[in-house]
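Everything numeric here is computed off the predicted structure, so don't read it as measured data. Quick note: residue numbers are just sequence positions, from 1.
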Amino acid sequence: MSLLELIAAADERGLAASAVACLDRCLPQPADGADPDPLRPLWAGCADGSVWPERFAQVRAVLDAADTDGAAPRIRKLLTEAPVDRAAPGLREWAHACSLAALEIHQQFDMPGGDTTADDTDLLRRRRTGDPESGGPLVTGELRRQIQILETLAETTDTAGSGAALRRVVDLSSEGRRVLRAVVSRQARDRA
């Protein structure tokens with residue numbers, strides 16, 4: 001299945017977790033003394049929809065005080081657009097927006113100088129439909145991770161293994177965050 005098909009078929013837990021994972025992977029390296037995992041409260045909201053609104057309030061407060069560099073402002077904006085009620089019809093649109101934003105952020109670091117064009121965004125939209133057209137290694141890895149996360153969550157919907165699946169999603173997201181931060185750090189050193 002393509003990424004778009006997986007998002008279309010995902011339940012509320014899958015949409016929430018995949019969107020949070022997309023944002024989690026794109027957070028810049030925190031400043032010294034800052035919370036190293038500011039989206040952590042949202043993971044509990046992915047498992048239990050009743051705490052979703054409360055967890056969003058916690059995360060927004062932390063990110064409002066966070067760094068304004070890199071992808072942080074875009075992530076903050078996406079968090080303000082998130083439906084406070086996990087059952088809201090806007091959850092699927094928000095998951096789509098988070099998915100595309102994560103791919104665009106990864107694409108910036110696949111491109112020399114970080115510049116992207118409308119054609120590049122078009123390529124990402126086609127890749128999400130399953131078009132095998134090539135992309136850079138970061139975009140390809142991010143697309144693969146998004147698909148893997150949605151498949152993992154879909155396999156465990158309404159099963160006893162849903163908690164373990166969410167833990168696997170957190171691990172996949174952490175791995176992707178480490179990869180992107182390493183690339184960002186390396187490119188910053190090369191520019192210096």
How close do [X] and [Y] get, counting heavy atoms only, and between which atoms?
X	Y	answer
S99	C22	CA-SG, 3.7 Å
V59	P38	CG2-O, 3.5 Å
L150	A10	CD2-CB, 4.1 Å
P53	S50	CD-O, 3.9 Å
C26	A71	O-CB, 3.6 Å

Exam field: side chain [X] to backbone [Y], donor-acceptor pair closer than 3.5 Å:
X	Y	result
R127	L143	no
R92	I7	yes
S173	V169	no

Between [Y] and [X], is there a side-chain heavy-atom distance shorter than 4.5 Å?
X	Y	value
Q29	V184	no
P41	F56	no
L3	T129	no
R145	E175	yes
L153	R13	yes
S2	R128	no
E93	P83	no
L27	R181	yes

TODO: Could you list all the side chain to side chain donor-acceptor pair (under 3.5 Å) pairs where at least one residue sits in residues 78-88, not counting sequence neighbours?
DONE: K77-E81

Please answer: with hydrophobic residues joined when any side-chain heavy atoms are less than 4.5 Å apart, are [X] and [Y] in the same cluster?
X	Y	answer
L42	V51	no
I75	V84	no
L91	L4	no

Open item on the list: When you compare the side chains of E142 and Q146, does any donor N or O come within less than 3.5 Å of an acceptor on the partner?
Closed with: yes

TODO: Just jot down the side-chain hydrogen bond (donor to acceptor under 3.5 Å, both in side chains) partners of R178, sequence neighbours excluded, or say none.
DONE: none

Open item on the list: Would I105 and R74 count as a side chain to side chain contact (heavy atoms under 4.5 Å, CB included) here? Give the steps.
Closed with: CA-CA 10 Å; I105 290 166; R74 188 169 186 186; 4.1 Å; yes

Report the residues that fulfil side chain to side chain contact (heavy atoms under 4.5 Å, CB included) with [X], sequence neighbours left out, ordered by chain and then residue number.
X	result
V183	F109, L138, R186, Q187
R168	Q148, T152, L172
A97	L78

- [ ] With rounding to the nearest 0.5 Å, note down the distance linking CG in L39 to CZ in R177.
- [x] 8.0 Å

Open item on the list: Nearest 0.5 angstrom please: L15 CG to C46 SG, how far?
Closed with: 10.0 Å

TODO: Would you please name every residue forming a ring pair (Phe, Tyr, Trp, His ring centres under 6.0 Å) with W43, sequence neighbours left out?
DONE: none

